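Heads up: the structure comes next, in structure tokens.
Because the structure is predicted, anything quoted here is derived from the model rather than measured. Side-chain atoms are counted along with the backbone in the values below, which use heavy atoms only and exclude waters and symmetry mates. In the text below, chain A, chain B and the rest are named by the order of the sequence lines, each starting its count at 1.
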There are 2 protein chains.
Amino acid sequence: MKRITIREVSEKAGVSTAAVSYVLNGRIGKVSQETVDKVRKAVDELGYIPDFSARSLAGNRSKLIGVVIPQTEDRKQLLLQNPFYSELVCGIEARLRQSGYHMILSGVDKGEGYLDTSMQRNLDGAIIMGIYQESFYEDLKKVRLPIVLIDSYIHDSYFHVVGVDDELGGYLATKHLIDNGHTAVALVTGSIRKDGVMEKRFLGYKRALKEAGLFYNPDYVFEDSVSYEYGQEAGRVIAEKHPDITAVFAVSDMVALGVISGLAEAGRHVPDDVSVIGFDDISVARMCHPPLTTIRQDIVGRGSMAAERLLQAITDSEESLPQEPTVMPLTLVQRDTVRRLTPE
Amino acid sequence: MKRITIREVSEKAGVSTAAVSYVLNGRIGKVSQETVDKVRKAVDELGYIPDFSARSLAGNRSKLIGVVIPQTEDRKQLLLQNPFYSELVCGIEARLRQSGYHMILSGVDKGEGYLDTSMQRNLDGAIIMGIYQESFYEDLKKVRLPIVLIDSYIHDSYFHVVGVDDELGGYLATKHLIDNGHTAVALVTGSIRKDGVMEKRFLGYKRALKEAGLFYNPDYVFEDSVSYEYGQEAGRVIAEKHPDITAVFAVSDMVALGVISGLAEAGRHVPDDVSVIGFDDISVARMCHPPLTTIRQDIVGRGSMAAERLLQAITDSEESLPQEPTVMPLTLVQRDTVRRLTPE
DNA sequence: TTACGCATTTAAAGCGATTTCAATCCTAAT
DNA sequence: ATTAGGATTGAAATCGCTTTAAATGCGTAA
């Protein structure tokens, strides 16, 4: 299909290309109403579709947002299979599309920074999920791009952050178990890195324990990776080596599902024998059996909020300092995997 | 960060910008080895990063692929929450990145075609999932873009297709139930449109029935939407109104999970009371309880195959007529939701 | 009538590549 | 020594749009 250019539009409308550009970009005040009408008419009649490459080249605005997702351990595939990320992406895409932006979804290759991509594509901004090495963020800053971080506790006012209060979540989850009479509650978590999401939840876990006057037993925390498989493994170990444990707080729903499966393999059933609480409330949480009790966050909402904030930052760019992190709410949703422990 | 242009590289290397462009694009044969070396050196030292907008404008190649995902009923969100699509995307992204392409992931707005996006962004190709109105495809053809269709049986040799033999899948699933002694097997499916995926599976279902000398009972097919929720509803109805049904073939794993849940709600358990078989083998299929017996397709593989074929089509473009559809293999994976029916 | 100021409009200069095509350089053949 | 012919090179045109800066038109004050 032949491309209609701004020049053809300008000729048809009987004005200059500059005028057309002004109208197209809503630079009202620069042109008379009469011109606006003529141009609009010509655009419609010709079926003009702007070329964003040219626009990006000339104007330095691409209407493209980079969205980075973490990858599987083997670094071959996106972690999009994890519903947490796919739901985030849903939220992001919907909001971006609404404003005429497009999203380039990708992972980042081992070692490679994201700098290349962002410069090649003249990105207008980026949303980064997952946690990376220091140098990755340094690169990002060099490009002077508005950036929103999701699940990161990086201390750097350059970045916008849209998160949840993970410490509170950990606390809420653990407290719920304790409130149900459990005193031996395990934590199954991904690796606890300083200032990471996992650490915060871990801190919440300990706070709840302490508040209830419970002893914090390091043997009760199972730390490795946040995956279904590890949850399963932890579940088996708990069933076999720790019959005293009656409740477990799994740091994500995926892990919780694994724990339940591992437990079941070893003959211990949820919630009859052991109570389990998850985190996130991904959509399968209410589809599985038994439906999972969990700490709910509105993941899709968090995604659109991230997009929202990014768009905000892009428009009133002019180096306005990022405000405080946006903190999305967390709520406990009770389903069927936690049962009151009645003293025998 | 200041942008280094091809001009600066050319100055540093002491050659023309044309030479630099040749080297950058691997047009060897156009330049001497000496020039190549000089340019490479300058590129490295300067840390040159090409501007794809400019490249796209001048050369008509953007290295951008459009990937379209269907949306939820309310048309507000991507159907990315459906593991089938997210796994496809994983496969696609991995393959594209490997060749230096990026992917613009989006849904398409009600009514709006995809024509705008593809022209605006100078896409090099597109991968379309889901089924749309005729006009959507017509638009696509106008742009003369290489296009790969996933889950579509459109009769049009313009499009490349990467699919599976859905009829066979339906047959295999149904036959497996019959082989296990079931004679009253229901089908729970999305709406059966002519030449759609659902119709093929339906056809396979009927073939298996016929082959086994079984009567095809329209009351046994539950047709609405392919979603967990509908599965659940169908499960309830089966439990309450059709106690004679002992097995169900659900047209996707998501639906199967719903059926199991609906059945359970009404007190009928899988596989003790009813056998269920799904389709796809999404990752949760083996994580849920009981693990789902299903017809497996390598979804991620299908995604990368789609990308592969698209890249192929892009390189040897020159209007080479699309070959036959690529048909990916299907296998039955037996897990715990199908049980042999022993005559009482 | 002339001049001035403001609102519009437009010609033209980029933006950073690719690509055409004429110019230049070699090498080998006459 | 000349010259034909192939291999390299590089100046300049282009791609489609934004934006600057200069030009134009028009109403009003001097």
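Ion pair B/Lys142/B/Glu138 not flagged as a salt bridge, since none of the NZ, NE, NH1 or NH2 atoms sits closer than 4.0 Å to an Asp/Glu carboxylate oxygen.
A/Tyr85 and A/Asp151 share a side-chain donor-acceptor pair at under 3.5 Å. Side-chain contact annotation: B/Asp109 with B/Tyr114, donor-acceptor N/O pair under 3.5 Å absent.
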Residues 98-105 of chain B side chain polar contacts: donor-acceptor under 3.5 Å, at least two apart:
unit_1	atom_1	unit_2	atom_2	d
B/Ser99	OG	B/Arg95	NH1	2.9
B/His102	ND1	A/Arg121	NE	2.9
B/His102	ND1	A/Arg121	NH2	3.4

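One can place CD1 of A/Ile28 at 16 Å from P of C/dA7, the figure rounded to the nearest angstrom. The distance between atom CG of B/Leu64 and atom P of C/dA17, rounded to the nearest whole Å, is 16 Å. The separation between A/Gln33 atom CD and C/dT8 atom C1' is 14 Å, rounded to whole Å. Rounded to an integer number of Å, the gap from B/Glu34 CD to C/dC26 P is 11 Å.
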When you check every protein heavy atom under 4.0 Å of nucleotides 10-18 of chain D, what one-letter string (B, S, -) results, 5' to 3'? BBB--BBBS
Do A/Asp124 and A/Lys63 pass the salt bridge (Lys or Arg N to Asp or Glu O under 4.0 Å) test, and can you show the C-alpha distance, the side-chain angles, and the key distance before you say yes or no? CA-CA 6 Å; A/Asp124 285 350; A/Lys63 288 243 177 191; over 6 Å; no
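When every heavy atom of B/Ile314 is checked against every heavy atom of B/Ile65, the shortest pair comes out as CD1-CD1, 3.7 Å.
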